[in-house]
Peer 1: 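There's a structure below that I have some questions on.
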Amino acid sequence: MKASRYAPLGKAFLDYSEGDTRAAYTYERDDGFKEQHLVGDYFRSPAEFFSLEKKALDLCDGFVLEAGAGVGSHALFLQERGFRVLANDIAHGAVEVMSARGVREVHCGPISDMPPGAFDTLLLLGRSVGLVGDLEGLHHFLRRSCGLVKSSGQVLLTSLDVACSDDPRLQAYQERNSAEGRYPGEIRFRMRYADLESDWIRWLHVDPDTLARRALEEGWVSETVEKEPDGNYLARLTRVP
């Protein structure tokens, strides 16, 4: 059954939270590559957070807006440390799970619905900046972020430099993108779970140098806090002085 873009993931979150610890969804890229993802990975405890996640959470300050908050694991961690956090996701199932787990402030919908200039930190973990879809979407995101975050605020995000991959299938995918005039880090995929199948989703993995150039065009300075050998990295964006 056809479903909205993130309905399969939201349904998988709900099933896991209700006791189906084997819940997994299928990720299918438009070149035919498929793999299954266990939903339990989203419910990791703070002790299981990745190094880049821990560094990002340590850098959070003030009132935090977490975009693409998933099941609220990061929001709960910050709440327990006294932060005020507004956890946002576009999947209804994710928002239901976050509320049930104890996240105090949740919102379902685009971050453009958020009050302007209200936040000290905009947090996007799990490479959720990829929701922008492509470089044009990144441009619009960076411009909107300026309106969401206070002048003294910051954006913390993780993404992936796909050029670091040694996976032949991903390398071939990048080469196809380049041959067709697209940025190498653009991806199209869909998700399946139970009887639900999403529409095709556009996603962006942006390398640190491209992010820095695009950010500067919109009044941000992007600093790569840490980059791992596989291309995963954490960036911190602050306003141009």
Peer 1: Just by distance, do the side chain of Q79 and the backbone of R104 share a donor-acceptor pair under 3.5 Å?
Peer 2: yes
Peer 1: Can you tell me how far the CD atom of E66 sits from the NE2 atom of H74, to the nearest 0.5 Å?
Peer 2: 6.0 Å
Peer 1: Between the side chains of Q154 and T238, is a donor N or O closer than 3.5 angstrom to an acceptor N or O?
Peer 2: no
Peer 1: Would you check if the distance from the ring center of Y42 to the ring center of H37 is below 6.0 Å?
Peer 2: no
Peer 1: Which value, rounded to the nearest 0.5 Å, describes the distance between K54 atom NZ and L125 atom CG?
Peer 2: 13.5 Å
Peer 1: Is the side chain of S165 donor-acceptor paired with the backbone N or O of V162 at a distance under 3.5 Å, no angle test?
Peer 2: no
Peer 1: Go through the structure and list residues passing salt bridge (Lys or Arg N to Asp or Glu O under 4.0 Å) with D31, not counting sequence neighbours.
Peer 2: R29
Peer 1: Can you tell me how far apart CG (L148) and CG (L122) are? Round to the nearest 0.5 Å.
Peer 2: 6.5 Å
Peer 1: Side chains of L234 and T224: does their closest heavy-atom pair fall under 4.5 Å?
Peer 2: no
Peer 1: Please check: side-chain N/O of Q36 versus main-chain N/O of Y27, any donor-acceptor pairing under 3.5 Å?
Peer 2: no
Peer 1: Should V85 and V103 count as side-chain neighbours, where that means a heavy-atom distance under 4.5 Å?
Peer 2: no
Peer 1: I would like to know whether W220 and L142 meet side chain to side chain contact (heavy atoms under 4.5 Å, CB included); could you show each step before the answer?
Peer 2: CA-CA 8 Å; W220 295 97; L142 291 166; 4.2 Å; yes
Peer 1: Output yes when a side-chain donor or acceptor of T121 lies under 3.5 Å from a complementary backbone atom of D61, and no otherwise.
Peer 2: yes
Peer 1: Evaluate the criterion side chain to side chain donor-acceptor pair (under 3.5 Å) for residue pair R239 and S152; output intermediate values, then yes/no.
Peer 2: CA-CA 7 Å; R239 297 289 178 84; S152 59; over 6 Å; no
Peer 1: Looking only at heavy atoms, what is the nearest atom pair of I90 and P110, with distance?
Peer 2: CG2-N, 4.2 Å
Peer 1: Sorted by first residue and then second, give each ring-ring contact (aromatic ring centres under 6.0 Å, His included) pair with at least one member in residues 94-138; sequence neighbours left out.
Peer 2: F63-F119
Peer 1: Hey, are the side chains of F141 and L131 touching, using non-hydrogen atoms and a 4.5 Å cut-off?
Peer 2: no
Peer 1: Kindly say whether P184 contributes a backbone atom to a donor-acceptor pair with the side chain of S178 at under 3.5 angstrom?
Peer 2: no
Peer 1: Counting neighbours of CG on D166 that are heavy atoms of other residues, nucleotides or ligands and sit closer than 6.0 Å, is the number greater than 12?
Peer 2: no
Peer 1: Supply the atom-to-atom distance E53 CD to E48 CD, rounded to the nearest 0.5 angstrom.
Peer 2: 10.5 Å
Peer 1: For a side chain to side chain contact (heavy atoms under 4.5 Å, CB included) check, start with the C-alpha distance between S17 and V97, then their side-chain angles and the critical distance, and finish with the verdict.
Peer 2: CA-CA 7 Å; S17 69; V97 170; 3.8 Å; yes
Peer 1: Closer than 4.0 angstrom, basic N to acidic O: yes or no for D15 and K11?
Peer 2: yes
Peer 1: Which atom pair, heavy atoms only, marks the closest approach of G62 to F83?
Peer 2: O-CD2, 3.4 Å
Peer 1: Calculate, to the nearest 0.5 Å, the distance between atoms CD and OG belonging to E28 and S198 respectively.
Peer 2: 9.5 Å
Peer 1: Do E96 and H92 pair up side chain to side chain, a donor and an acceptor below 3.5 Å, judged on atom types alone?
Peer 2: no
Peer 1: Applying the side chain to side chain contact (heavy atoms under 4.5 Å, CB included) criterion to L123, which one of L57, L65, L59 satisfies it?
Peer 2: L57
Peer 1: Mind running side chain to side chain contact (heavy atoms under 4.5 Å, CB included) on N88 and V106 for me, showing each step along the way?
Peer 2: CA-CA 6 Å; N88 181 85; V106 299; over 6 Å; no
Peer 1: If we only count heavy atoms from C-beta on, is the D134 to Y183 side-chain gap below 4.5 Å?
Peer 2: no
Peer 1: May I ask you to decide if V206's main-chain N or O and D161's side chain share a donor-acceptor pair within less than 3.5 Å?
Peer 2: no
Peer 1: Quick one, I187 with Y173, criterion side chain to side chain contact (heavy atoms under 4.5 Å, CB included). Give me CA distance, side-chain angles, the key distance, then yes/no.
Peer 2: CA-CA 9 Å; I187 292 174; Y173 193 90; 3.9 Å; yes
Peer 1: Can you confirm whether D20 sits close enough to R22 that some side-chain heavy atom of one is under 4.5 Å from a side-chain heavy atom of the other?
Peer 2: yes
Peer 1: In a check of side chain to side chain contact (heavy atoms under 4.5 Å, CB included) between M191 and each of D199, I201, T26, which one passes?
Peer 2: I201
Peer 1: Taking atom types as modelled, find out whether S222 and R214 have a side-chain donor-acceptor pair closer than 3.5 angstrom.
Peer 2: no
Peer 1: Which pair of non-hydrogen atoms, one from G70 and one from A94, has the smallest distance, and what is that distance?
Peer 2: O-CB, 3.2 Å
Peer 1: Using modelled atom types and a 3.5 Å cut-off, is there a donor and acceptor pairing between side-chain atoms of R81 and backbone atoms of L78?
Peer 2: no
Peer 1: Sequence neighbours left out, what passes salt bridge (Lys or Arg N to Asp or Glu O under 4.0 Å) with R143? Give chain and number order.
Peer 2: E218
Peer 1: Would you call R202 and D30 a salt bridge, taking side-chain N to carboxylate O under 4.0 Å as the test?
Peer 2: no
Peer 1: Shortest non-hydrogen contact from C60 to V64?
Peer 2: CB-CG2, 4.2 Å
Peer 1: So, T210 side chain and D207 main chain: donor-acceptor pair closer than 3.5 Å or not?
Peer 2: no
Peer 1: Calculate, to the nearest 0.5 Å, the distance between atoms CZ and CG belonging to R192 and L9 respectively.
Peer 2: 15.0 Å
Peer 1: So, does W203 use its side chain to make a donor-acceptor pair with the main chain of F189 at under 3.5 Å?
Peer 2: no
